[in-house]
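One structure below.
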Amino acid sequence: TAITAAGVLAILAAGFDPRMAYGIFSGVLEFGFEVLVLLVSVAVIVYFQRNRASGERRWSTVVAPAITIASFGWLLYFSFARSELLLGTPTPLISILFVLLGGSLVVGIGFASYLSVRRPDVYARIGRAEG
């Protein structure tokens, strides 16, 4: 909440129109969502290829994620090709938000890598439901 409030205050202080900023945020976050779904679908296939003894159906472990990869790959391409419709007029805010989005991906991958090497017990629990 504090980070969001700081971001909103920074945008207002910079003199951006709040409606334009909202549209830019929505557009950039749409790119992030598309990349996230694409990466999760790849992760599903990789996970179940490594853990074949899980007994899951082929539809759930390969076919559906492959369809999602193809669909969201096309959607991501189309979003980049028509980015002016999704993001509006180019402003420095767009670049800043894409840097923050990419930076959060890099930080997340770096933190997961750190946990996998230094704290494998914590890393092994990621995504697990514990009672």
Side-chain angles (χ1 to χ4, degrees):
T1 302
I3 293 171
T4 301
V8 168
L9 291 175
I11 287 169
L12 291 176
F16 283 104
D17 175 21
R19 291 172 297 208
M20 181 186 73
Y22 179 79
I24 291 170
F25 270 94
S26 297
V28 171
L29 291 176
E30 180 61 33
F31 277 101
F33 176 76
E34 292 168 5
V35 170
L36 180 66
V37 171
L38 192 72
L39 291 176
V40 166
S41 298
V42 170
V44 167
I45 292 174
V46 170
Y47 175 83
F48 283 108
Q49 289 301 310
R50 290 181 181 170
N51 299 288
R52 292 178 188 242
S54 66
E56 299 292 329
R57 294 184 353 212
R58 198 102 172 117
W59 169 259
S60 302
T61 61
V62 177
V63 178
I67 292 170
T68 303
I69 290 167
S71 300
F72 273 83
W74 176 83
L75 183 61
L76 193 58
Y77 166 77
F78 190 72
S79 295
F80 274 111
R82 302 283 189 212
S83 61
E84 72 280 354
L85 296 175
L86 198 57
L87 299 170
T89 306
T91 67
L93 181 59
I94 293 172
S95 300
I96 292 167
L97 291 174
F98 272 116
V99 166
L100 289 173
L101 188 64
S104 66
L105 176 67
V106 170
V107 167
I109 290 171
F111 185 62
S113 298
Y114 165 79
L115 288 177
S116 71
V117 172
R118 304 275 187 194
R119 311 250 341 252
D121 57 317
V122 174
Y123 182 78
R125 289 193 315 261
I126 293 175
R128 306 272 191 254
E130 294 185 17

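- Residue pairs meeting the ring pair (Phe, Tyr, Trp, His ring centres under 6.0 Å) criterion with at least one member in residues 3-27, sequence neighbours excluded, do not occur.
- Other residues sharing a hydrophobic cluster with Val63 under the 4.5 Å side-chain heavy-atom criterion for ILVMFWY residues are Trp59, Ile67.
- Linking ILVMFWY residues whenever their side-chain heavy atoms come closer than 4.5 Å, directly or via other members, places Phe98 and Leu39 in the same cluster.
- Linking Ile, Leu, Val, Met, Phe, Trp and Tyr residues whenever their side-chain heavy atoms come within less than 4.5 Å leaves Leu97 and Leu12 in two separate clusters.
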Quick one, Ile45 with Thr61, criterion side chain to side chain contact (heavy atoms under 4.5 Å, CB included). Give me CA distance, side-chain angles, the key distance, then yes/no. CA-CA 6 Å; Ile45 292 174; Thr61 61; over 6 Å; no
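- Every residue meeting the salt bridge (charged side-chain N to carboxylate O under 4.0 Å, His left out) condition with Arg19, not counting sequence neighbours, appears here in chain and number order: Asp17.
- Closest approach of Ala21 to Ile11, counting heavy atoms only: CB-CG2, 3.6 Å.
- Listed by chain and number, the hydrophobic cluster partners of Leu9 come to none, as no ILVMFWY side chain reaches under 4.5 Å of it.
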Would you mind writing out the side-chain donor-acceptor pairs for residues 86-95 within the sub-3.5 Å range, not counting sequence neighbours?
unit_1: Thr91; atom_1: OG1; unit_2: Leu93; atom_2: N; d: 3.3

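- Here Val37 pairs with Phe33, Ser41, Thr68, Phe72 under the side-chain contact (heavy atoms from CB on, under 4.5 Å) rule; sequence neighbours left out.
- Sequence neighbours left out, not one pair with a member in residues 72-86 passes salt bridge (charged side-chain N to carboxylate O under 4.0 Å, His left out).
- Under the 4.5 Å side-chain heavy-atom criterion for grouping Ile, Leu, Val, Met, Phe, Trp and Tyr, Val35 is not connected to Tyr77 through any hydrophobic cluster.
- The side-chain hydrogen bond (donor to acceptor under 3.5 Å, both in side chains) test applied to Ser79 returns Glu34, not counting sequence neighbours.
- Residues forming a side-chain contact (heavy atoms from CB on, under 4.5 Å) with Leu36 (at least two apart in sequence, or on another chain): Val40.
- Grouping the Ile, Leu, Val, Met, Phe, Trp and Tyr side chains by contacts below 4.5 angstrom, directly or via other members, places Leu85 apart from Phe78.
- Val28 and Leu105 fall within a single hydrophobic cluster, where Ile, Leu, Val, Met, Phe, Trp and Tyr are joined by side-chain heavy atoms under 4.5 Å apart, directly or via other members.
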Using atom types as modelled, flag every donor-acceptor pair under 3.5 Å from a side chain in residues 106-124 to any protein atom, sequence neighbours excluded.
unit_1: Ser113; atom_1: OG; unit_2: Ile109; atom_2: O; d: 2.9
unit_1: Ser116; atom_1: OG; unit_2: Ser113; atom_2: O; d: 2.8

Take Ser83 and Phe31, measure what side chain to side chain contact (heavy atoms under 4.5 Å, CB included) needs, and give me the verdict at the end. CA-CA 10 Å; Ser83 61; Phe31 277 101; 4.2 Å; yes
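- Considering only residues two or more places apart in sequence or on other chains, Arg58 meets the side-chain contact (heavy atoms from CB on, under 4.5 Å) condition with Gln49, Val62.
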